[in-house]
Amino acid sequence: MSIDSLNIDVLLDNLELVIRQQIVERKLQNPLLIGIHSGGAWIARHMHLRLGISEPLGLLDITFYRDDFSQIGMHPKVRTSQLPPHLEGRDIILIDDVFYSGRTSRAALNEIFDYGRPNQVVLAVLIERNGRQIPLQPDCRGIRIDLAEGQRIKLTGPDPLGIEIQDLAGVAA
Ligand SMILES: O=P(O)(O)OC[C@H]1O[C@H](OP(=O)(O)OP(=O)(O)O)[C@H](O)[C@@H]1O
Ligand SMILES: O=c1cc[nH]c(=O)[nH]1
């Protein structure tokens with residue numbers, strides 16, 4: 001699929017299929033879905049519905065776990081993390097919208113492990129793009145694309161969900 005024809009419904013279909021395969025392959029038991037604010041939470045809500053999971057969706061705000069937290073200013077936008085009290089021994093599907101450097105996933109994993117010791121964690125993202133900076137990668141993806149250095153991909157939403165490819169030169173920092 002070319003970047004020009006990225007279709008959100010097709011990507012959600014792809015991701016659902018690959019997550020279903022991972023649930024079988026990794027023998028996940030009663031998986032807990034956790035979405036990373038904000039785009040990951042939007043995708044996780046869709047997967048939660050599609051997979052018919054009855055347990056409430058977990059939500060994670062990674063702000064305090066960012067490796068650049070000391071540099072992000074006095075008033076970071078922090079949303080609440082909502083996780084069940086016991087993650088000990090759980091099989092978790094961690095969901096984000098975009099995987100780029102991998103730093104958000106690293107932060108999310110650290111936060112999860114501070115709640116307890118899960119049995120397995122599967123990382124699922126709607127879009128994996130080039131630019132990985134640490135040795136982590138998603139287990140499930142809706143698509144993998146290569147963008148030019150000056151471009152970023154951004155999910156818009158939550159309703160309707162959309163995908164924008166932006167030239168960073170034209171975006172305020
Ligand atoms: O792999 P990384 O380099 O960490 O990049 C991926 C993260 O970047 C974006 O989040 P952003 O910080 O823009 O927050 P948002 O989801 O609230 O837009 C995106 O939603 C991912 O969470
Ligand atoms: O920890 C993090 C998370 C996202 N982006 C960063 O630069 N660091």
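Given the structure is predicted, the values throughout are model-derived calculations rather than measurements.
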Starting at [atom1] of [X], measure out to [atom2] of [Y] and round the result to the nearest 0.5 Å.
| X | Y | atom1 | atom2 | value |
| --- | --- | --- | --- | --- |
| Ile62 | Arg106 | CD1 | CZ | 8.0 Å |
| Gln166 | Arg152 | CD | CZ | 4.5 Å |
| Asp96 | Thr104 | CG | OG1 | 6.0 Å |

Side chain of [X], backbone of [Y]: donor and acceptor closer than 3.5 Å?
| X | Y | answer |
| --- | --- | --- |
| Arg79 | Thr63 | no |
| Glu88 | Arg117 | yes |
| Asn130 | Leu147 | yes |
| Gln151 | Ala148 | yes |
| Gln22 | Cys140 | no |
| Arg26 | Val121 | yes |
| Arg132 | Leu136 | yes |

Closest contact, heavy atoms only, [X] versus [Y]:
| X | Y | answer |
| --- | --- | --- |
| Gly58 | Leu83 | CA-CD2, 4.1 Å |
| Leu155 | Gly39 | CD2-O, 3.9 Å |
| Leu15 | Gly142 | CD1-N, 3.8 Å |
| Tyr115 | Pro84 | CD2-O, 4.3 Å |
| Leu94 | Leu109 | CD2-CD2, 4.1 Å |
| Glu55 | His48 | O-NE2, 2.6 Å |

Are the side chains of [X] and [Y] in touch, meaning some heavy atoms are under 4.5 Å apart?
| X | Y | answer |
| --- | --- | --- |
| Asn14 | Val10 | yes |
| Arg45 | Pro158 | no |
| Ile93 | Met47 | no |
| Tyr65 | Leu60 | no |
| Trp42 | Asp97 | no |
| Asp61 | Leu59 | no |

Subject >> Leu12 and Ile43: CA distance, side-chain angles, deciding distance, side-chain contact (heavy atoms from CB on, under 4.5 Å) verdict >> reply: CA-CA 8 Å; Leu12 289 168; Ile43 302 304; 4.2 Å; yes
Original post:
Going by an N to O cut-off under 4.0 Å, is there a salt bridge joining Asp139 and Arg141?
Top reply: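 Looking at Arg141 together with Asp139, the answer is no, because their closest N to O distance does not fall below 4.0 Å.
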**OP:** Determine, for Asp91 against Lys27, whether the closest basic-nitrogen to carboxylate-oxygen distance falls under 4.0 angstrom.
**Re:** no
**OP:** Report the C-alpha separation of Asn119 and Gln29 in whole Å, then their side-chain angles, then the decisive distance to 0.1 Å, and conclude whether the side-chain contact (heavy atoms from CB on, under 4.5 Å) test is met.
**Re:** CA-CA 10 Å; Asn119 180 45; Gln29 298 294 317; over 6 Å; no
Original post:
Has Glu149 got more than 12 heavy atoms of other residues, nucleotides or ligands less than 6.0 Å from its CD?
Top reply: no
